[in-house]
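Protein chains get the first letters and strands the later ones, always in sequence-line order, with residue 1 at the start of each. Only this structure's heavy atoms are used, side chains among them; waters, hydrogens and symmetry mates stay out.
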Protein chains: 2
Amino acid sequence: MRDSTGSGADPAAGRGRAALIEGGVEFDGRDAALLRAVDAAGSVAGAAEALGRSRARALTRIETLEEAYGTLVERRRGGEGGGGSRLAPSARDLLDRYDRLQAVLAATASVPETVLRGTVEAIDGEIAVVDTPVGELSGLHGGAGGEGNDGGDGGDGAAVAVGDAVQVRIGADAVTVNDAANAVDPDATSARNRLDGRVSEIDSGETVSTVRIEVEPADGKETSDVGAVDVAALITAESVDRLGLAPGDPVSIRWKATATRLVAQTGRR
Amino acid sequence: MRDSTGSGADPAAGRGRAALIEGGVEFDGRDAALLRAVDAAGSVAGAAEALGRSRARALTRIETLEEAYGTLVERRRGGEGGGGSRLAPSARDLLDRYDRLQAVLAATASVPETVLRGTVEAIDGEIAVVDTPVGELSGLHGGAGGEGNDGGDGGDGAAVAVGDAVQVRIGADAVTVNDAANAVDPDATSARNRLDGRVSEIDSGETVSTVRIEVEPADGKETSDVGAVDVAALITAESVDRLGLAPGDPVSIRWKATATRLVAQTGRR
DNA sequence: CACCGTTGTATCTATGCCGATACAACGACG
DNA sequence: CGTCGTTGTATCGGCATAGATACAACGGTG
């Protein structure tokens, strides 16, 4: 493990950590902090002091980053004030990109998710159909993103084949809730996965609520076999009001196949 | 930056790397590979050899991980075959969790996204309303889902205030496309953000297509000021057919506020 | 009881990153 | 022309992690 989390000032608060990788060089939170400090101080020297880091190291780190990501800091020595450094536009783009990645990661850690287990029924390009306790669902399998990994792990990678046991991950923020009575014409939308169920629980936040919907098992599966299946949906409190949701209400939920991730399941023995 | 739509141009280079963090200990791809190798070999010694790593280090690494994540490997010395090790159930859960995180990360790197820039108009709990070139949009900011904070980097991290410049990130997999003529009753769904536009481009994959929709600027904004705004939507090729989409067609797009992330924008000078 | 291969444990060394320090080069400004 | 604070560059030691090696402990099996 070569990452630079060494110093005690590590986040450790989030449940995950992300880093961009390009040209074999990782861009992580420490690098982001460095660039931001350069932006604030107007010089690499000032940034290093503000962060309590070595100035020489900060400079070489910036050079390492620039070898992989292109010009990031416009440095100028001599002149007014002895010189100084400014962020290049591409550095701001990189920071924004990193922030978005971090935001997505923080979201996946904090937003509820529903994980169903099933077996792959069919594969058609990037989409696979999975048989789950609540019926057939379709979603994207790994091929969509290559293997964003370092030193090849297990080799389980992205490959998914018919018959494999997989996890079906559905982010609560991808699930839309519809009034069961006022069902949307399925031909008018691009959201394909659709289930009926009843509201089992509403966890109200300030302006966002997590609604859990108990879904009936598909034909041929006994409730006793699979237990109750709850799908979480994250919707605004306003929407809860507008739809007049309360525990026990019948609802129809819907989410896009392209917002559904299929992940190989670690073999159980 | 006058280009308000983000990384459609982003080459497939933008890879990321993820790690789980618990108790100050990171669980990354290297650790995942180790656990999987233990599962395959039936012993830590065999796993270390298969990976070309030091056996002693592998053992101490597993102990370090177990201090943070609980029992992961059931080790037994002596006996048949001299002993051996098996993965504990919690280790399989951890691997599954890591795989899901990795899948989400890989997806954010490979799925198109739309990034709009705007200023925060109002904040109400976890939801904020942002004024963008295409009108007001609402989305989740910072600590979505009541998570504490991401701690570490930058310092400007999660906090968003009224008047701040922010990026509005909309994953293409969160956008649903509706037939403009056959508009959905807005009261029947929990998807709030809604825009009208015309299909500008369809990038057909094998079974999944990226559709770009050109959206008209909101009232009071000139097209010449903001340029064309394209929103990307990832939908199945089947849905493209079903909706009969072709460039120039008027469509209505819609996505949930809870699937929209607000990220502070790095200051430009 | 000896054998076997594994789990534990300890120690030494190699490596890589970081901080610390020192010094040269630079160029506007007074 | 000297001052100033910065950017470059080089070197040293500290520290954490990994590999290499060695040896004891363990407990079925023959």
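Across the protein-nucleic acid pair, A/R55 atom CZ and C/dC23 atom P stand 14 Å apart, rounded to whole Å. In this entry the distance linking CG of B/L59 with P of C/dA10 reads 13 Å, nearest Å. Straight-line distance from the CZ atom of A/R61 to the C1' atom of C/dG16: 13 Å, rounded to whole Å. D/dT17 atom C1' lies 14 Å from atom CD of B/E26, rounded to whole Å. Spacing between atom CD1 of B/I62 and atom C1' of C/dT7 amounts to 11 Å, rounded to whole angstrom units. In this structure, A/E49 places its CD atom 14 Å from C1' of C/dA20, rounding to the nearest Å. With rounding to whole Å, B/E63 atom CD is found 12 Å from C/dT7 atom P. Rounded to a whole Å, the CG atom of B/L34 is 13 Å from the C1' atom of D/dA18.
Residues that satisfy the side-chain hydrogen bond (donor to acceptor under 3.5 Å, both in side chains) test with A/D203, not counting sequence neighbours, are absent from this structure. Among residues two or more places apart in sequence or in another chain, the salt bridge (Lys or Arg N to Asp or Glu O under 4.0 Å) test is passed with B/R97 by B/E22. Judged as a salt bridge (Lys or Arg N to Asp or Glu O under 4.0 Å), and not counting sequence neighbours, the contacts of A/E74 are A/R86. For A/S43, there are no side-chain hydrogen bond (donor to acceptor under 3.5 Å, both in side chains) partners at least two apart in sequence or on another chain. With sequence neighbours excluded, the residues that form a salt bridge (Lys or Arg N to Asp or Glu O under 4.0 Å) with A/E66 are A/R75. In terms of the salt bridge (Lys or Arg N to Asp or Glu O under 4.0 Å) criterion, A/R55 has no residue partners (sequence neighbours excluded). Listed by chain and residue number, A/L34, A/A37, A/R53 satisfy the side chain to side chain contact (heavy atoms under 4.5 Å, CB included) test with A/L51 (two or more places apart in sequence, or in another chain).
Between A/S43 and A/A56, the residue anchored nearer the 5' end of DNA chain D, judged by the nucleotide with its closest heavy atom, is A/S43.
Note on the helix from C/dC1-D/dG30 to C/dG30-D/dC1: angle between the axes of the first and last five pairs equals 10°, rounded to 10 degrees.
In this structure, a donor-acceptor pair under 3.5 Å is absent between the side chains of B/T119 and B/D131.
Set against C/dG19, C/dT7, D/dT6, the side chain of A/R53 has C/dG19 as its closest nucleotide.
In this model, the phosphate group of D/dT6 is not approached by any side-chain N or O of A/S85 to a distance below 4.0 Å at OP1 or OP2.
Contacts of residues 72-82 of chain A with DNA chain C (heavy atom under 4.0 Å): A/R77, A/G78, A/G79, A/E80.
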Quiz item: Are B/E26 and B/L20 close enough, and set up right, to give a side-chain contact (heavy atoms from CB on, under 4.5 Å), and what steps lead you there?
Solution: CA-CA 6 Å; B/E26 282 193 21; B/L20 296 167; over 6 Å; no
